[in-house]
Peer 1: 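Can you keep this structure in mind? I'll have questions shortly.
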Amino acid sequence: MAANQSVTGDHLFTFAKSYASFHGYISICVCVFGIITNIFNIIVLTRRHMSTPVNIILSWLAVSDIITMMSYVPFSMHFYCMYPDVNKTPDKNSKSWMTYMTFHINLAATTHTVSIWLCVLLAIVRFVHIRSPTKAFATRRRRMTQSKVLILLIYVWSAISLIPNYMSNELQENLNPESNETTYVLRDLRLGKNDTDALVLVNVWMYAVTAKLVPCLLMSIFGSLLIYNIHVKIRHRRKVLKISGANSMRLTEHSRTTKMLVSVILLFLVTELPQGVLIVCSATVKDFFDTVYLPLGDVMDIVALINNAVNFILYCTMSTKFRETFVHLFCACHFPHSNESIGYTLTDRLAKLDSHSNNNEHQNHINHVV
């Protein structure tokens with residue numbers, strides 16, 4: 001077992017060293033793209049006719065993703081692009097830059113926790129709406145207020161719950177006696193060792209369970225219920241109403257919206273669940289942290305960054321309302337004739353959507369969202 005793990009570790013370190021030479025440039029490109037597109041997401045999702053509990057959650061999810069990527073850009077530029085050598089040097093591992101690394105690690109852990117719990121909230125809110133649609137203005141306003149409060153609680157709770165994790169990340173000063181050079185490194189947590197500190201183990205388990213495994217379980221449960229209920233609703237409405245072509249198009253859009261949200265959930269599961277499993281293995285399997293988790297660190301980072309950056313593509317490809325709003329806001333002035341369709345302009349179309357959202361949003365018991 002130990003021999004196999006050693007061989008696996010050698011292969012992973014070889015791969016990690018090879019990929020590290022590209023990681024900095026790839027991650028910066030992904031971050032720049034993601035920051036720009038998430039700004040687009042916020043602008044579009046906060047329009048008046050787009051105002052729904054789901055879109056409020058998606059807007060704050062975009063905020064969390066932007067914070068993550070803005071923090072990652074200087075980290076990647078310094079430690080991967082400017083100083084690609086794995087060796088520690090006074091310039092690369094200066095106190096100021098290692099302090100920033102510590103800040104970045106803590107901030108990224110917080111924003112990832114925020115994002116994954118926002119995704120859980122997203123699944124729950126959508127599921128509740130499909131199960132209990134309402135046309136009452138007061139009820140819709142109450143749900144909007146509840147969503148805002150829950151979003152705030154998620155941000156605050158994520159920061160507070162990770163305080164023990166912040167305390168585990170400490171800098172240590174290393175003095176090279178031969179060159180008399182001082183470098184700074186993060187304290188070795190000694191995960192998977194016999195002398196691992198009990199506090200470190202508790203922090204790792206808390207982070208794995210509360211920030212990875214439990215939210216992934218909840219997303220799986222509510223995501224499955226979401227898929228089941230939307231299919232039941234659509235099938236029932238088609239049988240009862242014998243719907244017209246226009247209503248069929250509306251149902252198709254609602255189905256696409258739910259599929260889009262399920263896609264967001266699946267991306268989080270693919271990104272976060274393996275990390276949770278790896279963290280648990282790091283705490284329980286000897287030398288797993290050094291031989292498997294660390295070499296896969298850059299891969300896990302780029303997968304998470306891609307997840308942060310692709311939501312705009314999902315929204316554009318799977319939501320007509322989002323796509324039309326984006327075109328109206330950012331492209332209409334450049335292509336004044338491209339917005340005309342079936343005798344009326346895109347502005348007229350958005351006015352109709354706005355009117356439908358404000359006055360008749362739940363006519364078919366399915367929310368007209370994103």
Side-chain angles (χ1 to χ4, degrees), residues 6 9-32 34-35 66-112 159 162-193 195-197 199-200 203-204 207 275 278-279 282-283 287-305 308:
S6 178
D10 291 340
H11 288 310
L12 287 176
F13 272 110
T14 301
F15 165 76
K17 186 176 180 180
S18 175
Y19 171 69
S21 59
F22 304 99
H23 175 73
Y25 302 99
I26 296 173
S27 61
I28 290 174
C29 292
V30 172
C31 286
V32 171
I35 291 169
I66 288 174
I67 294 172
T68 302
M69 291 182 285
M70 289 185 67
S71 172
Y72 204 92
V73 169
F75 165 77
S76 187
M77 288 183 63
H78 180 80
F79 289 98
Y80 288 91
C81 299
M82 296 179 62
Y83 297 97
D85 196 333
V86 296
N87 295 327
K88 300 175 179 63
T89 64
D91 291 330
K92 179 181 179 179
N93 293 72
S94 65
K95 185 175 183 179
S96 57
W97 273 107
M98 291 304 296
T99 300
Y100 180 80
M101 175 189 276
T102 305
F103 165 78
H104 165 70
I105 291 172
N106 293 333
L107 180 63
T110 306
T111 52
H112 279 309
L162 290 177
I163 289 177
N165 194 60
Y166 306 154
M167 297 173 64
S168 298
N169 297 316
E170 298 178 1
L171 288 182
Q172 288 183 338
E173 181 179 318
N174 283 345
L175 178 62
N176 188 330
E178 297 181 359
S179 60
N180 200 30
E181 293 178 336
T182 301
T183 59
Y184 292 84
V185 296
L186 286 173
R187 180 172 69 94
D188 186 2
L189 299 179
R190 300 192 63 77
L191 286 175
K193 301 290 193 298
D195 57 346
T196 306
D197 189 272
L199 181 60
V200 171
N203 292 339
V204 169
Y207 180 70
Q275 289 190 30
L278 290 175
I279 291 172
S282 297
D287 295 329
F288 187 90
F289 180 75
D290 293 326
T291 59
V292 178
Y293 189 89
L294 287 180
L296 290 177
D298 290 344
V299 175
M300 289 187 288
D301 281 356
I302 195 63
V303 170
L305 291 173
N308 293 341

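Owing to the predicted nature of the structure, the values given are computational and were not obtained by experimental measurement.
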Peer 1: If we ignore hydrogens and angles and just use 3.5 Å, is the side chain of N203 paired with the main-chain N or O of P164 as donor and acceptor?
Peer 2: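 Here the side-chain-to-backbone pair exists.
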Peer 1: Check whether any side-chain N or O of R187 sits under 3.5 Å from a backbone N or O of S168 as a donor-acceptor pair, and report yes or no.
Peer 2: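 Judged by distance alone, yes, a pair lies under 3.5 Å.
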Peer 1: A quick test of your reading: do over 12 heavy atoms of other residues, nucleotides or ligands sit less than 6.0 Å from CE of M300?
Peer 2: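 Above 12, so yes.
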Peer 1: Report the C-alpha separation of V204 and I279 in whole Å, then their side-chain angles, then the decisive distance to 0.1 Å, and conclude whether the side-chain contact (heavy atoms from CB on, under 4.5 Å) test is met.
Peer 2: CA-CA 7 Å; V204 169; I279 291 172; 3.5 Å; yes
Peer 1: For the pair S282 (side chain) and F288 (backbone), establish whether a donor and an acceptor sit closer than 3.5 Å, ignoring hydrogens and angles.
Peer 2: no
Peer 1: Let me confirm one number: the NZ-CZ distance from K17 to F13, rounded to the nearest 0.5 Å.
Peer 2: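 It is 11.5 Å, given to the nearest 0.5 Å.
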Peer 1: Is the shortest side-chain heavy-atom distance between L12 and T291 below 4.5 Å?
Peer 2: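 They are not in side-chain contact.
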Peer 1: Which heavy-atom pair separates S27 from L305 by the least distance, and what is that distance?
Peer 2: CB-CD1, 3.8 Å
Peer 1: Specify the closest pair of heavy atoms between M98 and N93, including all atoms of both residues, with the distance to one decimal.
Peer 2: SD-ND2, 3.6 Å
Peer 1: Evaluate L171 against L186 for side-chain contact (heavy atoms from CB on, under 4.5 Å), listing each step before the verdict.
Peer 2: CA-CA 5 Å; L171 288 182; L186 286 173; 3.8 Å; yes
Peer 1: Sub-3.5 Å donor-acceptor pair from the side chain of H78 to the main-chain atoms of K92, do we have one?
Peer 2: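 Judged by distance alone, yes, a pair lies under 3.5 Å.
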Peer 1: On a heavy-atom basis, which atom in W97 and which in D91 lie closest, and how many Å separate them?
Peer 2: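 Smallest interatomic distance, heavy atoms only, reads CD1-O, 4.3 Å.
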Peer 1: Keeping S71 on the side-chain end and T68 on the backbone end, is there a donor-acceptor pair under 3.5 Å?
Peer 2: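 Pair absent, no side-chain N/O of S71 close to backbone of T68.
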Peer 1: Quick one: are Y80 and F75 in side-chain contact, heavy atoms under 4.5 Å?
Peer 2: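 Counting from C-beta outward, Y80 and F75 do come under 4.5 Å.
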Peer 1: Does the S21 side chain pair with the main chain of S18, one donor and one acceptor, at a distance under 3.5 Å?
Peer 2: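 Checking the backbone N and O of S18 against the side chain of S21, a donor-acceptor pair under 3.5 Å is found.
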Peer 1: What pair of heavy atoms forms the shortest contact from H112 to N308, and how long is it?
Peer 2: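 In terms of heavy atoms, the two residues are closest at CE1-ND2, 4.2 Å.
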Peer 1: Has S76 got a side-chain atom pairing as donor or acceptor with V73's backbone, closer than 3.5 angstrom?
Peer 2: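 No, because the side chain of S76 does not come within donor-acceptor range (under 3.5 Å) of the backbone of V73.
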Peer 1: Where do Y184 and S94 come nearest, in terms of heavy atoms and distance?
Peer 2: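 What the structure gives for the nearest pair is CD1-C, 3.9 Å.
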Peer 1: Looking only at non-hydrogen atoms, find the nearest pair between Y19 and V299 and report the distance.
Peer 2: CE2-N, 4.3 Å
Peer 1: Report the distance from atom CG of N169 to atom OG1 of T102, rounding to the nearest 0.5 Å.
Peer 2: 6.5 Å
